[in-house]
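One structure below.
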Amino acid sequence: MTTPPALYLEKVERRYEQAGAPLDILRGADFGLWAGQSAALIAPSGAGKSTLLHIAGLLERPDGGEVYVAGVPTVGMADEARTALRRGEIGFVYQFHHLLPEFTALENVMLPQMIAGHSRKESRERAGQLLDYLGLAARAQHRPAELSGGEQQRVAIARAVANGPGLLLADEPTGNLDPKTANHVFEALDAIVRATGLATLIATHNMDLAGRMDRRVTLRDGLLVELQ
């Protein structure tokens, strides 16, 4: 039996109203991403990268087409079922870390696990392992304000993969970082992707980082096009 892709977009459409006229962002986009694959989404600002990630991450419904996550069609799902699937199968990393400022790095990584029903002991153990793997064991008890930008993003990566998702979506995860720090964060992200077999889609303007990923795609006329 063939394993389904971690993410499959089939003829996805998305449009908005702008000044009373329809603005087509996606016009029947197709895309498949399998376990262990990393893909860079490269496109100019305003082309629809964030919209695509929101649809892939079940944060937004398309106007047409279907979105499969781990082989499951999601467009017709009730909100509660979509939330449950998103919580279990999808991890997110944003340009800004969005860590909770009153909690330590360790607690920030524990929280999504505890929300998913894991015990405090299990959550603490896995959070500690992830932070250690990402070189942050010595910073586990520090709050976000006490961490550097690169450290904050590595904690955000640990939080995103804490529940063992099959799909990781990242929106400009190194966009606020200097080149050296961005490289360190990307190396941490790449290492955890390779170690866990995650499927990863990263929107980025950083062509150097994009060149180190398995695939590169862009948005052109509302379609996803593979780049060589």
Side-chain angles (χ1 to χ4, degrees), residues 4-34 37-99 112 153 156-157 159-160 165-177 189 198-207 209-210 213 215-227:
L7 171 68
Y8 185 65
L9 308 180
E10 182 180 47
K11 304 278 185 287
V12 168
E13 299 175 6
R14 189 71 174 108
R15 67 190 61 88
Y16 300 100
E17 290 288 322
Q18 188 176 65
L23 175 66
D24 289 318
I25 302 296
L26 300 173
R27 306 181 184 189
D30 292 314
F31 178 69
L33 188 66
W34 279 260
Q37 280 190 340
S38 62
L41 175 58
I42 309 158
S45 296
K49 296 191 301 297
S50 293
T51 295
L52 182 78
L53 289 175
H54 287 169
I55 288 172
L58 311 185
L59 295 169
E60 199 172 316
R61 292 181 195 264
D63 294 306
E66 185 58 88
V67 179
Y68 297 87
V69 174
V72 178
T74 64
V75 170
M77 273 184 168
D79 288 342
E80 189 175 316
R82 283 166 63 89
T83 298
L85 183 62
R86 181 171 63 243
R87 189 177 291 156
E89 286 293 332
I90 305 172
F92 295 89
V93 182
Y94 298 98
Q95 184 169 349
F96 185 70
H97 56 78
H98 294 299
L99 298 173
Q153 277 301 68
I157 291 167
R159 179 184 59 185
L167 174 65
L168 182 67
L169 303 172
D171 196 355
E172 296 285 355
T174 62
N176 285 334
L177 306 174
L189 183 57
L198 272 167
T200 311
L201 179 61
I202 301 179
T204 182
H205 284 110
N206 189 320
M207 297 305 292
L209 300 187
M213 299 178 72
R215 297 164 59 193
R216 282 150 294 284
V217 295
T218 190
L219 281 163
R220 192 175 294 156
D221 297 325
L223 300 176
L224 272 161
V225 180
E226 204 90 20
L227 299 171

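When all heavy atoms are compared, the tightest approach of Arg215 to Gly32 is NH1-O, 2.8 Å. Between Gly48 and Leu219 the shortest heavy-atom distance is C-CD1, 3.5 Å. Closest approach of Ala78 to Arg61, counting heavy atoms only: C-NH2, 4.0 Å.
A distance of 12.5 Å separates CD1 in Ile25 from CD in Glu13, rounded to the nearest 0.5 Å. Considering CZ of Arg14 and CG of Leu23, their distance stands at 11.0 Å, rounded to 0.5 Å. Considering CD1 of Ile90 and CG of Leu53, their distance stands at 10.5 Å, rounded to 0.5 Å. In this structure, CG in Leu223 is found 9.0 Å from NZ in Lys11, a value given to the nearest 0.5 Å. Taking CG of Asp221 as the start and CG of Leu26 as the end, the distance is 12.0 Å to the nearest 0.5 Å. Considering CG of Leu99 and CZ of Arg159, their distance stands at 5.0 Å, rounded to 0.5 Å.
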For this session: Step by step, work out the side chain to side chain contact (heavy atoms under 4.5 Å, CB included) result for Gln37 and Leu7.
Result: CA-CA 11 Å; Gln37 280 190 340; Leu7 171 68; over 6 Å; no

For this session: Check step by step if side chain to side chain contact (heavy atoms under 4.5 Å, CB included) holds for Ile202 and Leu209.
Result: CA-CA 10 Å; Ile202 301 179; Leu209 300 187; over 6 Å; no

Problem set entry | Asp79 vs Arg86, salt bridge (Lys or Arg N to Asp or Glu O under 4.0 Å): CA-CA, chis, key distance, verdict | CA-CA 10 Å; Asp79 288 342; Arg86 181 171 63 243; over 6 Å; no

Problem set entry | Check against side chain to side chain contact (heavy atoms under 4.5 Å, CB included), Leu189 and Gln153 | CA-CA 10 Å; Leu189 183 57; Gln153 277 301 68; over 6 Å; no

For this session: Run the numbers on Leu9 and Leu52 for side chain to side chain contact (heavy atoms under 4.5 Å, CB included), then give the verdict.
Result: CA-CA 10 Å; Leu9 308 180; Leu52 182 78; 3.5 Å; yes

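With Lys49 contributing its side chain and Leu41 its backbone, the two residues share no donor-acceptor pair below 3.5 Å. Judged by distance alone, the side chain of Asp63 and the main-chain N or O of Arg15 form a donor-acceptor pair under 3.5 Å. At distances below 3.5 Å, at least one donor-acceptor pair connects side-chain atoms of Thr218 with backbone N or O atoms of Ile42. Glu89 contributes no side-chain N or O that, together with a main-chain N or O of Leu167, makes up a donor-acceptor pair within less than 3.5 Å. Looking at Arg82, its side chain does come within 3.5 Å of a backbone N or O of Leu58 through a donor-acceptor pair. Listed for the Thr204 side chain is no donor-acceptor partner under 3.5 Å among the backbone atoms of Ala210. Side-chain atoms of Glu172 come within 3.5 Å of backbone atoms of His205 as a donor-acceptor pair (strictly under, hydrogens ignored).
Note: Phe92 and Tyr94 have parallel aromatic rings, judged against thresholds of 30 and 60 degrees for the angle between ring planes.
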